[in-house]
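The block underneath contains the structure these notes are about, expressed in structure tokens.
So that the names make sense, note that chain A is the first sequence line, chain B the second, and so on, each numbered from 1.
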There are 2 protein chains.
Amino acid sequence: MKKSTQPTINDVARLAGVSKKTVSRVINQSPLLNGDTRKRVEAVIAEIGYVPNPQARALALRRNFLIGLIHDNPNAQMVLNVQQGLLEVLRDTEFELIVHPVDRGSGSMLDDVRQFLERQRPYGVMLLPPISENDTLAELCAEIGCRFVRMGSAQFGPAANMVASNDREAVRGAVEHLAAAGHRRIGMIAGPHGFRSAFERQQGYEQALEDAGLPVQRTLVAQGDYTFESGMRAAERLLDLAPRPTAVFCSNDEMAAGALHVARQRGLDIPADLSIVGFDDTSIASHLWPPLTTVRWPIATMARAAALKLIGDNDEIADEPQDALFVSTLIRRASVAPPSA
Amino acid sequence: MKKSTQPTINDVARLAGVSKKTVSRVINQSPLLNGDTRKRVEAVIAEIGYVPNPQARALALRRNFLIGLIHDNPNAQMVLNVQQGLLEVLRDTEFELIVHPVDRGSGSMLDDVRQFLERQRPYGVMLLPPISENDTLAELCAEIGCRFVRMGSAQFGPAANMVASNDREAVRGAVEHLAAAGHRRIGMIAGPHGFRSAFERQQGYEQALEDAGLPVQRTLVAQGDYTFESGMRAAERLLDLAPRPTAVFCSNDEMAAGALHVARQRGLDIPADLSIVGFDDTSIASHLWPPLTTVRWPIATMARAAALKLIGDNDEIADEPQDALFVSTLIRRASVAPPSA
DNA sequence: TTGTATGCGTTATCAC
DNA sequence: GTGATAACGCATACAA
């Protein structure tokens, strides 16, 4: 009759000579079901190419199968890696990923997110830094009753709602590496104020200096805002110092690239005259000349873990007490050498 | 009574003392409605914070408000720019973006897409290159009855289903620029076989040479696969030539970066000894040293246009015969100079 | 201008 | 084990 449209559960029921409920049972793998009827229904399903309507399912179940990704465009590679990690887990489930960028500068960010959550009512959402650091946002999710996982550079919330790297520790290792190479004047290009990641990384830098018995000097720290240009400006300031630092740790690769740029403009040889370490291990790091020593954090792994936390204890996927902390590694390339002096 | 859950249209109706239908009319901006009742209903809506359930709406309307983005991870910046462009348009509508990456190498790509389309039944989907070039995929969308827009480097389909740049023309201009600077041995690092973009760009290169009265030599074209490493390998081959080309056009920035890398390893001065032009104007282009002359295509604009095509003639948004072709521009930076010889 | 009855495709309740 | 029947939240016919 109405073959023009997508077949529904009714069509299957009619053709198989059973009730809707039975078909529903087949779809939902109900255990109490006669093997014969099951096979018959499955045959019909395969034959007419029936596929359940997620909208209707969502309505009846009073819950849907959408996972939201809320972010404020940190950097392209990061967002995409997260998406990839999430989708790797979601691929074999009935969940779909729905992306919702926001503008943290707009002032209506919270309202925007609230509207998104109330409208779509996603099953769970993942929050990317830097907005993941916003406690009000986390409270909003909790209040609305939406599962959420925050990604961050430190564990600033309950483990159940976090996937975090340990940036402080990672940077400590990186700067330690510099000190071990013989550097005694190690500068830092820090991230912007208000960013947890910037704070953690600076802490790691200072700890490493203390561990190495080196003085922590304010003049050796220049602040940037994670952009290439700000990295250039910060590097200018650092390289104007006398004596010049022989090494500089940069809070991200982008700024490291800017620093490298400036150093070369000044005729400095990298790494002979200046060692540079970045953070993130974005593609730019390996393509720079010389390739950049940097810190890599397991972003895809973290995203996968986040996805599991979001959809976990829902399906048969056991909700083992998953760890919230993930370890970063120092990627040693050619931008670091002992000081030449 | 049941205040624990999200308010529904029934709650609004009851509290406002009207029928569900009237509330529905308010929501859908029906013109034939008493101003008083409208205001009363709107007041209740605002008071109890009612927000329509999209799932139920979708079910009743027999259509949903999801726009799909199907891609095979071309490059991160591109995917993100497209997302941004799409969401800019979708932001003020009731549509949401749902991302669905696929693996064109897996063999099950078409089945994967088909399943996605049949399950979610998105209102429309956007196809990114290179899979957008796959005609079978486009036919699949058409067959299933899903609106679609293909993004490409040339108009290889009906304008209604396309947003395209004109890569051939853009490259012609870029190589012309090289010729105008006095270069007579201009090499090319081409993209991988089977990519429409690679083909178009090579065509543009050859046309420019012909226009300039220069011979088209096979040896001056080295093939890469759009990766940094392949750019390095291709550059090696080109720079081994005697006489050496004095300029090289690269089919994308990534490969241009690889070429730059190799040139510097060989002690060549850029641009004095070798001029380099890239394509895409990704962030890497401006951060390279020297900054890379490259072709910028209006990716966000194209994405916005695509979004309009997808949701167009649905809302009041007029479906003016939008153009399918978008023009690229040559971004002149420091990697090009007249040949030094 | 507003209300009533009915349907959208699925699942849950509770019988048989 | 299986099947009527009533939700789920909203929209469309068709009356009133």
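Distance, Asn64(A) CG to dT10(C) C1': 14 Å, rounded to whole Å. Atoms CD (Gln29(B)) and C1' (dT1(C)) sit 17 Å apart, rounded to a whole Å. What separates CD1 of Ile27(B) from P of dT12(D) is a distance of 11 Å, to the nearest Å. Arg63(B) has its CZ atom 16 Å from the P atom of dC10(D), to the nearest Å. Atom pair Asp11(B):CG and dC8(D):P shows a separation of 10 Å (rounding to whole Å applied). Spacing between atom CD1 of Ile9(A) and atom P of dG3(D) amounts to 12 Å, rounded to whole angstrom units. The interatomic distance linking Arg121(A) (CZ) with dC8(D) (C1') rounds to 14 Å, in whole Å. Distance, Asn53(A) CG to dC8(D) P: 19 Å, rounded to whole Å.
Among dT1(C), dT10(C), dT2(D), the nucleotide with an atom closest to any side-chain atom of Asn34(B) is dT1(C). Comparing dC8(D), dT11(C), dG1(D) by their nearest atom to the side chain of Leu59(A) picks out dC8(D).
For the residue pair Arg147(B) and Lys309(B), the shortest heavy atom distance occurs at NH1-O, 3.5 Å.
For the OP1/OP2 pair of dG3(C) and a distance below 4.0 Å, the side-chain nitrogens and oxygens of Thr22(B) include at least one atom meeting the criterion. Considering only side-chain N and O atoms, Thr37(B) lies under 4.0 angstrom from the phosphate OP1 or OP2 of dT2(C). Between Ser19(A) and dG3(D), a side-chain N or O to OP1/OP2 separation shorter than 4.0 Å is present.
Counting only heavy atoms from C-beta outward, the side chains of Ile9(B) and Pro52(B) never approach each other to under 4.5 Å. Val23(B) is not listed as a side-chain neighbour of Lys20(B), based on a closest heavy-atom distance of 4.5 Å or more.
Salt-bridge check for Arg304(A) with Glu88(A): passed, with a basic side-chain N closer than 4.0 Å to an acidic carboxylate O. Contact check on Asp36(A) versus Lys39(A) returns no salt bridge, with no Lys/Arg side-chain nitrogen under 4.0 Å from an Asp/Glu carboxylate oxygen.
For Arg40(B) (side chain) and Ala16(B) (main-chain N/O), a donor-acceptor pair under 3.5 Å exists by modelled atom type.
Using a 4.0 Å heavy-atom criterion, one finds that Val23(B) contacts no nucleic acid atom at all.
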Contacts under 3.5 Å, N or O only, protein and nucleotides 12-16 of chain C:
residue, atom, partner, partner atom, Å
dA12(C), N7, Lys21(A), NZ, 3.2

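Both Arg40(B) and Lys20(B) lie near DNA chain C, and the one whose nearest nucleotide falls closer to the 5' end is Arg40(B).
Scored by the ring-ring contact (aromatic ring centres under 6.0 Å, His included) test, Tyr50(A) finds no partners at all (sequence neighbours excluded).
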